[in-house]
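One is the number of the first residue; the rest follow in order along the sequence. In each ligand, atom 1 is the first atom listed, and ligand 1 is the first ligand listed.
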Amino acid sequence: MLQQSSYRAFTLRDLPAIPQIAALPADQRLQLQAVANVLPFRVNRYVLDHLIDWSRVPDDPIYQLTFPQPEMLDAADLSTMTDLLHRGAPAGEVEAAARAIQHRLNPHPAGQVDLNVPFEGGREVRGVQHKYHETVLFFPAQGQTCHAYCTYCFRWAQFVGLEDLKFAAREADQLVAYLRNHPEVTSVLFTGGDPLVMRTALLRRYIEPILAAKLPQLASIRIGTKALAYWPQRFVDGPDADDLMRLFEEVQAHGLHMALMAHSSHPRELQTEIAQAAFRRVRSTGTVIRCQAPLIRRVNDDSAIWAELWREQVRAGAVPYYMFVERDTGPKEYFKVPLARAHAIFRDAYRQVSGLGRSVRGPSMSATPGKVVLDGVIDVGGRPHFVLKFLQARNPEWVGRLFLAEYDDRAAWLDELRPAGGAAQFFFESEMDEFKRERRRQRLTLTTADATPLRLIRDDAARPGSEQPQ
Ligand SMILES: *Cc1c(COP(=O)(O)O)cnc(C)c1O
């Protein structure tokens, strides 16, 4: 029996109200509190009661996925924060210390704002990122939070109130105008945060104008979401869920492919009764669920977990899509898996699934020049090398291009690799530099008002203890 259940969030302020946390020793609680003042924290009743295995805490993967851990900060920062909290320092002082630490955690990876937000007529197109020819990312203003936060989120900065990093759009009109001007775009990807924190009526205000515009080149609308894992009730319970299913059907009635890009980190997320019901219901509308997640130490850095994850996805009728490399931001040191090991985990898991699971690609880095997959290790001139390939690229001509880097068992990101054969640069680097210079020049020509960072209309996320619409 599926029960009607209402959403209840737990944020920083509610930490002591979580019975399992209240039961921890005082020093551990203080540390948790200290880290949660720096990194985003939000869970909900479903995650607490159905996904976390409390008998395995702190090692439990879903606990690691959702609860800040002391080792996510370096020792000095952790003691700064615990000292402040211990002596009951004023909120302003705690916040200032947290800000200083946040700014040192590379809150702004891969030039997301500077390089990906397009200009049109001397203005920034708010809420839009356009990095790859075919696909536009759209960040609806009210979809910039989540049903629970992942500790490793690469967009973590927007959940701790570093507002200049938020992207948002007030209206879909600008998006539609942009799409009319860019017939190369065949796919619009709603992202966030999690756009499915929005009520369906609100989501409609963004999607319906796109449908009404009857853009001849548009082939798909996608929504990036973790709701199938963190709040599957979103798809199953109540009239708003019913309306969401109707909306998915309407998209397809307009001749477009409707896809959910599901953030799917661990097999346990797919194993609850309500999650299975959610997958069935979404699929019954014809919507295709494609699954992707980063490879994260302590959460899913094991080939057996990925093999099981991909099998569960296939069993649920979903499509394994990408395995990502954790980005170089936030508590990266805590979670990072070196590329060589990431590839070994991918390969060993890939070998264990049928061809239906091998639609997955990875391990892939969403780096500044594009999505780069590490395809394997090969011997050249008696020495091992990484074989890399662009799956997506700023310059479409780079897509599919293979290139070699010196093997390095510690490197964990593209910028830590060296080109093979002693070359000074990878083939794409001088063009990337030129692109960055050109962007800087264009930025200088923007109207000042438009170049200033956008503030969100509403941010429940930054206000501890707030509820949100499901
Ligand atoms: C991954 C990504 C996309 C979508 O890429 P697909 O390969 O089409 O799924 C679009 N824009 C950005 C910036 C991305 O990182």
Side-chain angles (χ1 to χ4, degrees), residues 108-119 124-140 143-144 152-158 165-169 175 178-179 182 184-195 217-226 256-264 287-295 313 318-329 358-375 388-401 413-415 428 432 435-436 439:
H108 196 167
Q112 285 179 72
V113 183
D114 288 354
L115 302 180
N116 297 348
V117 177
F119 311 136
E124 265 183 331
V125 188
R126 296 293 175 74
V128 168
Q129 287 188 40
H130 193 186
K131 177 172 176 181
Y132 307 132
H133 251 65
E134 294 75 19
T135 303
V136 153
L137 302 187
F138 181 62
F139 297 75
Q144 299 308 309
Y152 58 72
C153 181
F154 74 96
R155 295 207 179 109
W156 62 275
Q158 73 183 31
L165 299 175
K166 287 183 179 176
F167 324 104
L175 172 66
Y178 186 80
L179 295 172
H182 290 267
E184 75 275 21
V185 176
T186 56
S187 189
V188 174
L189 173 43
F190 283 75
T191 185
D194 191 328
Q217 80 281 8
L218 194 66
S220 64
I221 292 181
R222 324 190 223 176
I223 299 175
T225 185
K226 181 100 189 163
L256 299 176
H257 175 86
M258 178 70 221
L260 290 189
M261 309 307 288
H263 179 184
S264 176
T287 299
V288 176
I289 303 166
R290 298 179 203 279
C291 299
Q292 54 191 23
L295 169 62
Q313 290 165 358
V319 183
Y321 193 65
Y322 280 131
M323 173 206 269
F324 291 119
V325 179
E326 168 61 357
R327 288 198 185 187
D328 51 348
T329 179
R358 293 185 191 168
S359 48
V360 70
R361 289 152 304 157
S364 171
M365 290 170 271
S366 284
T368 311
K371 279 188 170 67
V372 177
V373 68
L374 171 56
D375 250 348
L388 301 149
K389 186 169 79 180
F390 275 105
L391 297 174
Q392 289 283 10
R394 259 174 219 288
N395 179 345
E397 287 172 19
W398 301 346
V399 175
R401 237 178 110 160
W413 198 249
L414 185 62
D415 61 8
F428 52 85
M432 266 316 296
F435 174 79
K436 287 179 189 169
R439 285 285 299 196

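- Within the 4.5 Å cutoff, no side-chain heavy atoms of P320 are placed close to those of C291.
- Partners of K371 according to the salt bridge (charged side-chain N to carboxylate O under 4.0 Å, His left out) rule, which considers only residues two or more places apart in sequence or in another chain, do not exist here.
- F119 carries R439 over the face of its six-membered ring, with the cationic atom under 6.0 Å from the centre and within 45° of the normal.
- Here the side chains of H263 and D194 are not in contact, with every heavy-atom distance at 4.5 Å or above.
- Within 4.0 Å of ligand 1, contacts by protein heavy atoms are made from K131, Y132, T135, L137, R222, Y321, Y322, K371, Q392.
- Scanning for ring-ring contact (aromatic ring centres under 6.0 Å, His included) contacts around Y321 gives an empty result, with sequence neighbours left out.
- Under the ring-ring contact (aromatic ring centres under 6.0 Å, His included) criterion, H133 pairs with no residue at all, not counting sequence neighbours.
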